[in-house]
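This one's a predicted model, so the numbers in the text were calculated from it and none came from an experiment. These numbers come from the heavy atoms of this one structure, side chains and all, not from hydrogens, waters or symmetry mates.
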Amino acid sequence: MQQISIKYLLTSKPEIGKSVTIKGWVRSRRDSKAGMSFITVSDGSCFDTIQVIAETNLPNYNEEVIRLTKDCAIIVDGVIVESPGSGQAIEIKVNTLKVLGWVENPDTYPVSPKRHTVEYLREVAHLRVRTNLIASIARVRNSVSYLIHEFLNKNGFYWIHTPIITTSDCEGGCDLFKVTSLDLQNLPKNEQGKIDYRQDFFGTETFLTGSGQLNVEAYCMGLSKVYTFGPTFRAENSNTTRHLAEFWMVEPEIAFADLMDDAALAQEMLKYIFKNVLERNSDDMHFFAEFINKNAISRLEQVVNTDFTMLTYTEAIDKLLKSGKSFENKVEWGIDLSSEHERWLCEEMVGAPTIVTNYPKDIKAFYMRQNDDGKTVAAMDILAPGIGEIIGGSQREERYDLLVKRMNELNMDKEHLSWYLDLRRFGTVPHAGFGLGLDRVVSYVTGVQNIRETSPFPRTSKNANF
RNA sequence: GCCUCAAUAGCUCAGACGGUUAGAGCGACGGACUGUUAAUCCGCAGGUCGUGGGUUCGAUUCCCUCUUGAGGCGCCA
């Protein structure tokens, strides 16, 4: 008797007549007058299920087998037999079937054996992994995470655990969640009547990180190739299919590198992820191609096999102006590209991932390297069809004087970031990096439109359930 | 944060120009049939019509508030 996963059972081509034990959840039960019930069992190890044959002469057939409903947990001891039915090569003939966990009230069980909308399933996020869709997404998400680590480690990168709690309120602009141990009902005030953070746990105002970039830059200036990969938090009240308040982001940073090196790394990494997900999760990907987006596989293959199109911001504006399309938002040099512009560029003009470089400095972050034209910075965004911005990156400003000048222009607090400026004073080198949103990649890979499906327990405005 | 739409059975939806007993499909349950596989066929149960207020003889239906959800925009990954 050997306990094995269904994945192993289906891929290892076990010999007929072998005894096995499987543990899993009932997907469906069909009773036959031929003297048996057909029970489909899933253990989540792979997309496919195994069919279990429970004959009516089992001692607990009338008491238990006949009462099995979706998601009852069972242990089956049985023998592998060739399946006379069509639809599967092998099946398990039951010797003993033990029920570990019944489903109470199958009539109101939230994940009944029928089609459910993704919106409904979000309301039962603790149970939704028992659907094909969410289970496949979970397996793909795991693969993508693993492949990111694998790709970067194979290429000599070190994973740096940058802090979750930070004092820098983001790179400028975005809202962060405050971290405090102060009594919110009775906040201490300073001489100016403002909250006295000197009495807070850290003696200063702190936040959940919105990006590990600044910290990982520090480690880059000693380890050359590094990345941070972990949860990131933004308190922006975004209500879209591609924003979460808590999301995972990988941010590689490379020393002795410029924007072109950065773009090349980003492209290589995306291709590595897509190519290997297609292999590792072939069964899940076929499910997405059948039920979610019929191009789910072909478009990934296309990305793997074609060079990304690269154009400058100025060229992009030019293309948009000459597109003959009327956009809701006005197109002129200096604007930030809006979703409709990005969509037109990568979906209609190019039809594949597109890298836009050298944005106007006024719409980008302070740390981006200023180009010689005095107007633009060495930034890049990678736009993906159906999702928009999937990667944002830049070459960082490594020249101390220019960085200070820029921070002054933006009225930034240099005191707070003096450690960051130190990096430019002590052995500075050209360096570059980018941020890739894990949840967005999974959305792109699976073809699942809403990022609230690609995160197991999504946190959004007004929703931190589960 | 702004704009638009929605909320009726466990789920997906229909419906009433405001008036006795609010319908269907799926699921669940019972039965028939069958090496079945999104099985098929027959039957049964299941609803204070999101919350609070207003108009009215009467509101699930009309109006307003709130809550929640969805989509679009902005912010970005």
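Sorted by first and then second residue, the ring pair (Phe, Tyr, Trp, His ring centres under 6.0 Å) pairs involving residues 435-455 of chain A (not counting sequence neighbours) are A:F274-A:Y444. Within the structure, every pair that satisfies the salt bridge (Lys or Arg N to Asp or Glu O under 4.0 Å) test and touches residues 336-360 of chain A, not counting sequence neighbours, is listed here: A:K325-A:E348, A:R343-A:E347. Residue pairs that meet the ring pair (Phe, Tyr, Trp, His ring centres under 6.0 Å) test with at least one member in residues 14-48 of chain A, sequence neighbours left out, are A:F47-A:F287.
Geometric assessment of A:K319 against the ring of A:W344 yields a negative cation-pi assignment under the 6.0 Å and 45° thresholds.
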Write out a two-atom table: protein N or O, nucleotide N or O from nucleotides 6-9 of chain B, distance below 3.5 Å.
none

Every protein N/O lying under 3.5 Å from an N/O of nucleotides 69-71 of chain B:
unit_1	atom_1	unit_2	atom_2	d
B:A70	OP1	A:R122	NH1	2.4
B:A70	OP2	A:R452	NH1	3.4
B:G71	OP1	A:N450	ND2	2.7
B:G71	OP2	A:N450	ND2	3.4
B:G71	OP2	A:R452	NH2	2.8

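Atom CD1 of A:I66 is separated from atom C1' of B:U36 by 13 Å (rounded to the nearest Å). The distance from atom CD of A:E342 to atom C1' of B:G72 is 15 Å, rounded to the nearest whole Å. The CZ-P distance, from A:F327 to B:G72, rounds to 17 Å in whole Å. Between the CG atom of A:D439 and the C1' atom of B:A77 there is a distance of 8 Å, given to the nearest Å. Following rounding to the nearest Å, A:R459 (CZ) and B:C76 (P) show an atom-to-atom distance of 25 Å. If you take CZ of A:R234 and C1' of B:G74, they are 15 Å apart, rounded to a whole angstrom. The CD-P distance, from A:E328 to B:U4, rounds to 14 Å in whole Å. If you take CG of A:D175 and C1' of B:C75, they are 9 Å apart, rounded to a whole angstrom.
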Please test A:M380 against A:D262 for side chain to side chain contact (heavy atoms under 4.5 Å, CB included), starting from the C-alpha separation and ending with a verdict. CA-CA 9 Å; A:M380 63 142 188; A:D262 199 32; 3.5 Å; yes
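Rounded to the nearest Å, the gap between the C1' atom of B:C13 and that of B:A70 is 16 Å. Nucleotides B:C63 and B:U56, compared at atom C1', are 12 Å apart to the nearest Å. Between B:G15 and B:U36, the two C1' atoms lie 38 Å apart (nearest whole Å). Spacing between B:C26 and B:A39 at atom C1', rounded to whole Å, works out to 15 Å. Between B:A45 and B:U4, the distance separating the two P atoms is 45 Å to the nearest Å. Annotation: B:C57 and B:C64 have their C1' atoms spaced 22 Å apart (nearest Å). Rounded to whole Å, the C1' atom of B:G23 lies 32 Å from the corresponding atom of B:U34. Only the P atoms considered, B:C62 is 15 Å distant from B:U51, to the nearest whole Å.
Shown here are the ring-ring contact (aromatic ring centres under 6.0 Å, His included) partners of A:Y120, two or more places apart in sequence or in another chain: A:H116. Not counting sequence neighbours, A:Y158 has no partner by the ring-ring contact (aromatic ring centres under 6.0 Å, His included) test.
With rounding to the nearest 0.5 Å, the separation of CD1 in A:I297 from CZ in A:F288 is 10.0 Å. Note that the CZ atom of A:F207 and the CZ atom of A:R234 stand 14.0 Å from one another [nearest 0.5 Å].
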Summarise protein proximity over nucleotides 26-35 of chain B in one line of letters, 5' to 3': B for base, S for sugar-phosphate only, - for none, counting protein heavy atoms closer than 4.0 Å. BBSS---SBB
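A donor-acceptor pair under 3.5 Å is absent between the side-chain atoms of A:N293 and the main chain of A:T446, judged by distance alone.
Across all strands, A:L244 comes closer than 4.0 Å to base atoms (heavy-atom distances).
Annotation: A:H149, atom NE2; neighbour count of heavy atoms from other residues, nucleotides and ligands within 6.0 Å is above 12.
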Side-chain donor-acceptor pairs under 3.5 Å in residues 263-271 of chain A, sequence neighbours left out?
unit_1	atom_1	unit_2	atom_2	d
A:Q267	OE1	A:K271	NZ	3.2
A:Q267	OE1	A:F308	N	3.0
A:K271	NZ	A:T306	O	2.9

Only distances under 3.5 Å count here; give the side-chain donor-acceptor pairs of residues 448-457 of chain A to other protein atoms, sequence neighbours excluded, each with its distance to 0.1 Å.
unit_1	atom_1	unit_2	atom_2	d
A:N450	OD1	A:R452	N	2.9
A:N450	OD1	A:R452	NE	3.1
A:R452	NH2	A:T240	O	3.2
A:E453	OE1	A:R122	NH2	2.8
A:E453	OE2	A:R122	NE	2.6
A:E453	OE2	A:R122	NH2	3.3
A:T454	OG1	A:D439	O	3.0
A:T454	OG1	A:I451	O	3.1

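Taking for each of A:Q449 and A:A245 the nucleotide of RNA chain B with the nearest heavy atom, the 5'-most of the two is the partner of A:Q449. Of the two residues near RNA chain B, A:S338 and A:E389, the one whose nearest nucleotide lies more 5' is A:S338.
Within the structure, every side-chain polar atom (N or O) of A:S238 is placed at least 4.0 Å from both OP1 and OP2 of B:C76. Put simply, A:R242 has a side-chain N or O that comes within less than 4.0 Å of OP1 or OP2 on B:C73. Contact annotation: A:R30 reaches the phosphate of B:A39 (side-chain N/O to OP1 or OP2, under 4.0 Å).
Checked by distance alone, A:H243 brings a side-chain donor or acceptor within 3.5 Å of a matching partner on the base of B:C76.
Contacts between residues 348-360 of chain A and RNA chain B, counted as heavy-atom distances below 4.0 Å, involve no residue at all.
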Intra- and inter-strand pairs of RNA chain B in dot-bracket (Watson-Crick or G-U wobble, both distances under 3.5 Å; | for another strand): (((((((..((((.....[...))))..((((.......))))......(.(((..]....))).))))))))....
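In this structure, A:D107 does not pair ionically with A:K70, as no charged nitrogen and carboxylate oxygen lie closer than 4.0 Å. A salt bridge does not link A:R396 with A:D258: every distance from a Lys NZ or Arg NE/NH1/NH2 to an Asp or Glu carboxylate oxygen is 4.0 Å or more. Ion pairing between a basic and an acidic side chain is recognised when a charged N comes within 4.0 Å of a carboxylate O; A:K18 and A:E15 show no such pairing.
Across A:I355, A:T357, A:N371, a single residue satisfies side-chain contact (heavy atoms from CB on, under 4.5 Å) together with A:L259, and that is A:T357.
Taking the six-membered ring wherever Trp is involved, the centroid distance between the rings of A:W159 and A:F229 does not fall below 6.0 Å.
Considering only the side chain of A:S339, B:C73 comes nearest among B:C73, B:A39, B:U12.
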